[in-house]
Novice: 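For reference, the structure I am asking about is given below.
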Number of protein chains: 2
Amino acid sequence: MSHVLISYLKKISGLSPESEEALFSLIESQSIPKNQDLQHIGQTCKTLYFLKSGLARIYYFHDGSDVTEGFYEPFCLIARAESLFGGLPSKKAIQVLEDSEVWSISTQGLFALYDAHRDIERLFMRLFERAYVQTIQRIENLQFHTAEERYRLLAHEQSEVLRRAPLKFIASYLGITQVSLSRIRAKKD
Amino acid sequence: MSHVLISYLKKISGLSPESEEALFSLIESQSIPKNQDLQHIGQTCKTLYFLKSGLARIYYFHDGSDVTEGFYEPFCLIARAESLFGGLPSKKAIQVLEDSEVWSISTQGLFALYDAHRDIERLFMRLFERAYVQTIQRIENLQFHTAEERYRLLAHEQSEVLRRAPLKFIASYLGITQVSLSRIRAKKD
DNA sequence: AATTCCACTTATCAAATGTTAAATTAATCT
DNA sequence: AGATTAATTTAACATTTGATAAGTGGAATT
């Protein structure tokens with residue numbers, strides 16, 4: 001077996017051939033056109049996604065305005081963890097920003113494999129640990145950096161996003177207005 | 001056996017009597033005087049803590065100034081996750097703000113139990129999931145709320161902290177200066 | 001009680017960001 | 001290509017927050 005996603009995942013935490021097989025049978029592929037929601041606001045998180053190609057974001061509405069929580073590039077785990085772990089409907093949506101191909105995995109199917117495939121359980125533990133650590137780092141970033149510093153950091157860490165995502169999404173991700181971001185950009189580039 | 005901490009943890013995710021016993025043997029108790037660091041900056045996270053009584057915070061230095069990352073009340077899991085999962089020295093410290101009693105668990109000992117005690121592994125998975133979700137919610141809070149809204153939210157969620165932690169720690173936790181926080185307080189109370 | 005120290009508040013001014021609206025540029029559609 | 005729409009930039013002004021310093025009050029020390 002040589003599924004691109006599984007090869008990638010195996011590097012994070014090893015899988016037995018049987019576990020590979022079991023996980024493989026859960027992975028579905030689909031193509032999503034630009035701007036479409038992969039998951040809508042109000043749905044409970046029951047599917048995990050990995051991008052094969054394209055670009056995605058998680059967003060929600062705060063006081064009527066669209067806020068981007070994060071951007072996701074290929075091979076990143078995309079999930080609305082607060083809904084997945086809480087079992088409650090999410091107030092967030094997942095949207096692709098370009099025509100994209102995604103791999104999806106049903107959480108129900110996945111969790112059902114945990115008992116018999118401990119290596120799969122541990123793999124996803126690792127994936128969520130990583131996501132957790134990234135979230136912690138994002139707090140540090142939001143808590144004591146200026147808007148400009150946050151922009152520079154994003155340019156460094158997800159430079160593709162700057163090129164491919166609309167300005168308004170980047171601005172809300174950084175916690176500032178579109179106008180403010182435009183000013184930062186104008187300073188020097 | 002009836003260890004207060006274990007009784008609390010069992011409610012989050014069940015434990016077999018053997019697992020309870022095994023976990024029990026790992027828990028150590030100690031008293032820490034006010035203002036003392038439980039873990040210093042530069043140490044790699046090798047111990048998990050739960051407060052039995054008192055109040056704690058995680059802090060670090062950014063550009064020479066002291067930044068509080070979070071406050072912890074009794075029974076909360078206290079860990080520097082980015083160091084634990086990354087295996088690298090943490091640039092953060094854990095400090096108690098009052099004379100406190102803590103329970104500590106060696107991560108090495110804990111992880112050694114995972115193979116034989118799957119329920120223990122799952123329990124700690126749950127604990128980290130919870131911490132992860134809280135971190136996500138904190139980002140939402142930092143990203144699009146004003147300083148005053150963040151203050152009101154803290155007053156609602158950790159009201160004890162407002163009464164017992166010094167102003168400067170609260171201010172840096174909210175991502176603002178002490179002076180700014182004092183102004184918010186003065187507005188109306 | 002007087003002194004010192006520390007936490008908090010208040011005042012003043014500067015810098016950063018938000019708000020609104022207009023102007024410009026880019027993208028899309030026919 | 002031309003027309004239409006959306007995305008981005010620029011400008012002007014209001015508001016928030018930061019930085020610095022001075023002032024107030026309370027707690028600890030002597």
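Any value given below was found using the heavy atoms of this structure, including those in side chains, with hydrogens, waters and symmetry copies removed. Order of the sequence lines sets the chain letters (A, B, ...), proteins ahead of strands, with each chain counted from 1.
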Novice: Between atom NZ in K168(A) and atom P in dA7(D), what is the gap in whole Å?
Specialist: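 Going from K168(A) (NZ) to dA7(D) (P), I get 4 Å.
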Novice: Is the distance between the ring centroids of F128(B) and F85(B) under 6.0 Å?
Specialist: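 They qualify: ring centres under 6.0 Å apart.
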Novice: Nearest nucleotide by nearest heavy atom, which residue falls closer to the 5' end of DNA chain C, V179(B) or H145(A)?
Specialist: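 Its nucleotide being nearer the 5' end, the pick is V179(B).
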Novice: Just the rounded figure in Å: distance from C1' of dT20(D) to CD of Q178(B).
Specialist: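 About 13 Å, once rounded to whole Å.
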Novice: With a 6.0 Å cut-off on ring centres, are W103(B) and Y8(B) close enough?
Specialist: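 W103(B) vs Y8(B): aromatic centres not under 6.0 Å.
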Novice: Can you tell me the distance, in whole Å, between the CZ atom of R183(B) and the P atom of dT15(D)?
Specialist: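 One finds 15 Å between P of dT15(D) and CZ of R183(B), rounded.
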Novice: Measure CG/L181(B) against C1'/dA19(D) and give the value in whole Å, please.
Specialist: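 Taking CG of L181(B) and C1' of dA19(D), I get 16 Å after rounding.
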Novice: Counting C-beta onward and ignoring hydrogens, is there a side-chain heavy-atom pair between L23(B) and L123(B) closer than 4.5 Å?
Specialist: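 Yes; the side chains approach each other to less than 4.5 Å.
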Novice: For a 4.5 angstrom cut-off between non-hydrogen side-chain atoms, does E69(A) reach I136(B)?
Specialist: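 Side-chain contact under 4.5 Å: yes.
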Novice: Testing L77(A), I78(A), L5(A), I32(A) one by one against L51(A) for a side chain to side chain contact (heavy atoms under 4.5 Å, CB included), which residue passes?
Specialist: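 Considering L77(A), I78(A), L5(A), I32(A), a side chain to side chain contact (heavy atoms under 4.5 Å, CB included) with L51(A) is found only for I78(A).
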Novice: Figure out the CD1/P separation between I184(A) and dT10(D), and round it to whole Å.
Specialist: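 In whole Å, dT10(D) P and I184(A) CD1 are 13 Å from each other.
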Novice: With a 4.0 Å cut-off on heavy atoms, is E148(A) in touch with a base, just the backbone sugar-phosphate, or nothing at all?
Specialist: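 No contact.
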Novice: Does the side chain of Y72(A) come within less than 4.5 Å of V96(A)'s, by heavy atoms?
Specialist: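 With C-beta onward as the side chain, the pair stays apart.
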Novice: In whole angstrom, give the distance that lies between atom CD1 of I176(A) and atom P of dT16(D).
Specialist: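 In whole Å, dT16(D) P and I176(A) CD1 are 18 Å from each other.
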Novice: Please state how far atom NZ in K187(A) lies from atom C1' in dT8(D), giving the value in whole angstrom units.
Specialist: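 Computing the K187(A):NZ to dT8(D):C1' distance gives 18 Å.
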Novice: So does S182(A) get a side-chain nitrogen or oxygen closer than 4.0 Å to the phosphate oxygens (OP1/OP2) of dT9(D)?
Specialist: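 For dT9(D), OP1 or OP2 has a side-chain N or O of S182(A) closer than 4.0 Å.
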Novice: Is the distance from the ring center of F71(B) to that of Y173(B) below 6.0 Å?
Specialist: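 They qualify: ring centres under 6.0 Å apart.
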Novice: For a 4.0 angstrom threshold against heavy atoms of chain B, report the outermost contacting nucleotides of DNA chain C in 5' to 3' order.
Specialist: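 Nucleotide range with atoms under 4.0 Å of chain B: dA7(C) to dT12(C).
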Novice: Can you measure L142(B) atom CG to dT17(D) atom C1' for me and round it to whole angstrom units?
Specialist: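 Whole-Å distance recorded here is 15 Å.
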